[in-house]
Number of protein chains: 2
Amino acid sequence: MDVYLDTGEEPDKPRTRIQEINRSAILVAALDVFSIHGFRGSTVDQIAQRAGMSKPNLLYYFRRKQDIYRAVLESILADWLAPLEALDAEGDPIEELRRYISLKMRMSADNTAASRLFANEVLAGAPVIGEFLATHLKELVLRKAAVIGHWVQSGRLAPIDPVHLIFTIWATTQHYADFDAQIRAVLGQQIDRPGYREQAAQAVLSIILNGIRPR
Amino acid sequence: MDVYLDTGEEPDKPRTRIQEINRSAILVAALDVFSIHGFRGSTVDQIAQRAGMSKPNLLYYFRRKQDIYRAVLESILADWLAPLEALDAEGDPIEELRRYISLKMRMSADNTAASRLFANEVLAGAPVIGEFLATHLKELVLRKAAVIGHWVQSGRLAPIDPVHLIFTIWATTQHYADFDAQIRAVLGQQIDRPGYREQAAQAVLSIILNGIRPR
DNA sequence: CTCCGATTTGACCAAATAGTCAAGATTTTC
DNA sequence: GAAAATCTTGACTATTTGGTCAAATCGGAG
């Protein structure tokens, strides 16, 4: 599965070297801008400037603002879902979930912009990725919830609702990226201390894993 | 403490009956609009229409768009923090936290717009409430973290980082409001079933409370 | 080098939108 | 019930912004 969203592009157009460079510069710039201001709060000019080109030039690569937005979401969706996809029914439940949570925490910290872009989109009612969520994401979640459900049934996890466990994991891990400003305000410069990320990950892991360990 | 944000208003101006009515109609409308589209994505006209008045009339009550936005945030901040304020050092730790989490879940479900408004503001880097977060919120969090810290030290809670516990609670409870579109996409019409809210609350309570229960 | 398609941009347009204002309507006050 | 204060709005302005276009420039294939 290589295409998640209809980005309104020609599928097989070969790209020149310059196109390759500029398109990716635009996507990087657009991620930064959209992730902070949201779709409507961002301007094409902002993105063009950050990408180091003029607005008409940017619009030469993406004819409409919407097209840039869709392309950025598209470029991230696969990565965003990969960790859940990797949850292995054959593995040890606690270890599998530890790995999943750790990975999500790391992704959140390493790519705060992507996390915030999703948050903005979903907060606005998911106008662009709504259909994707209702099909691909739903399918993935239900499939992995079944795996977790089996773990529960076999007594290898405490009796919890698998889907809500997934929601809880998403909520906590993404919180550190999405609400960075709030966390930063509360913790001040602590947040930039070397061990901070590990400490946060450890706290989340401790609460959730102990919360679902069989009793 | 009655004023959290500088809303740029005359403090003691008495309000007429009509002012009272219209100002609150505007705040209600603005909450709905801002919470979905964010500050820059919302228009004064949208808010005016939803409040049932003309744009110039709205601007008679709030001279600038920013003023409306600040006033809405101001009108919500106190309520939003009250539950944490109520965490009682003298109570039973698990019961106190159960009450806190339940209350936050209920607030999130009953007032999704307020939750999303905050999410939008913080996501954008908290340009308006940033100072408030770094002072009042920080003070409150550290004060309550100390309470939780004592519970941990006396062995009445498992050894967890109190501040991260608070973050985890915020993350999970607000997730249900902020990411409603995503949850709705995954769960479909289930979300409107009678017992759904209780089920979600139960799942969150189960994971977190078991996660911090002394072992 | 030379030509042709690809790339770039200054200048521009149309629509959206925050905010103003003066005049008219309504409510309150005495 | 009349004057004063408050409230309301149509019409307007200035600015921002998404998007167009023709002309200029650049880059690579032969």
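Keep in mind that this is a model prediction, so the values were computed, not measured. Throughout, a chain's letter reflects where its sequence line sits, starting with A, and its residues are numbered from 1.
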How far apart are the C-alpha atoms of Ile208(B) and Thr168(A), what are their side-chain angles, what is the distance that settles it, and do they pass the side-chain contact (heavy atoms from CB on, under 4.5 Å) test? CA-CA 9 Å; Ile208(B) 296 182; Thr168(A) 294; 5.5 Å; no

Specify the angle, to 10°, made by the local axes at the two ends of the helix from dC1(C)-dG30(D) to dC30(C)-dG1(D) when five pairs are taken at each end.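 Comparing the first five pairs with the last five, the axes sit 20° apart.
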
Nearest-0.5 Å distance, [atom1] of residue [X] to [atom2] of residue [Y]:
| X | Y | atom1 | atom2 | result |
| --- | --- | --- | --- | --- |
| Ser108(A) | Arg116(A) | OG | CZ | 9.5 Å |
| Glu139(B) | Leu142(B) | CD | CG | 8.0 Å |
| Asn22(B) | Leu27(B) | CG | CG | 11.0 Å |
| Ile68(A) | Phe34(A) | CD1 | CZ | 5.5 Å |

Rounded off to whole Å, could you give me the [atom1]-to-[atom2] distance for the [X] and [N] pair?
| X | N | atom1 | atom2 | value |
| --- | --- | --- | --- | --- |
| Gln46(A) | dT16(D) | CD | P | 13 Å |
| Leu59(B) | dC12(D) | CG | C1' | 14 Å |
| Lys65(B) | dT15(D) | NZ | P | 18 Å |
| Asp45(A) | dG18(D) | CG | P | 8 Å |
| Asp67(A) | dG18(D) | CG | C1' | 12 Å |

Between dC7(D) and Gln19(B), is there an OP1 or OP2 to side-chain N/O distance shorter than 4.0 Å?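 Checking dC7(D) against Gln19(B), a side-chain N or O does come within under 4.0 Å of OP1 or OP2.
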
OP1 or OP2 of dT16(D) sitting under 4.0 Å from any side-chain N/O of Arg40(A)?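 Checking dT16(D) against Arg40(A), no side-chain N or O comes under 4.0 Å of OP1 or OP2.
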
Between Arg106(A) and Asp110(A), is there a salt bridge with N-O shorter than 4.0 Å? no

Has Gln49(A) got more than 12 heavy atoms of other residues, nucleotides or ligands less than 6.0 Å from its CD?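 12 or below, so no.
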
Heavy atoms, side chains only, cut-off 4.5 Å: are Gln202(A) and His164(B) in contact?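 No, every pair of side-chain atoms sits at 4.5 Å or beyond.
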
In the structure I gave you, are the side-chain heavy atoms of Leu140(B) and Arg143(B) within less than 4.5 Å of one another anywhere?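 Leu140(B) reaches Arg143(B) side chain to side chain.
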
What does the list of N/O pairs under 3.5 Å between the protein and nucleotides 8-11 of chain D look like, with a distance for each?
from, atom 1, to, atom 2, distance (Å)
dT8(D), OP2, Asn22(B), ND2, 3.0
dT8(D), OP2, Asn57(B), OD1, 3.2
dT8(D), OP2, Asn57(B), ND2, 3.1
dT8(D), OP2, Tyr61(B), OH, 2.6
dT8(D), O5', Asn57(B), ND2, 3.3
dT9(D), OP2, Ser54(B), OG, 3.1

Between Arg193(A) and Glu198(A), does the salt bridge (charged side-chain N to carboxylate O under 4.0 Å, His left out) criterion hold? Intermediate values first, please. CA-CA 10 Å; Arg193(A) 261 191 349 211; Glu198(A) 288 70 22; over 6 Å; no

Between Arg63(B) and Arg17(B), who's closer to the 5' end of DNA chain C by nearest nucleotide? Arg63(B)

Determine, stepwise, if the pair Glu20(B) / Arg17(B) fulfils salt bridge (charged side-chain N to carboxylate O under 4.0 Å, His left out). CA-CA 5 Å; Glu20(B) 213 64 60; Arg17(B) 185 180 56 88; over 6 Å; no

What is the first contacted nucleotide of DNA chain C and what is the last, in 5' to 3' order, if contact means an atom lying under 4.0 angstrom from a heavy atom of chain A? dA6(C) to dT17(C)

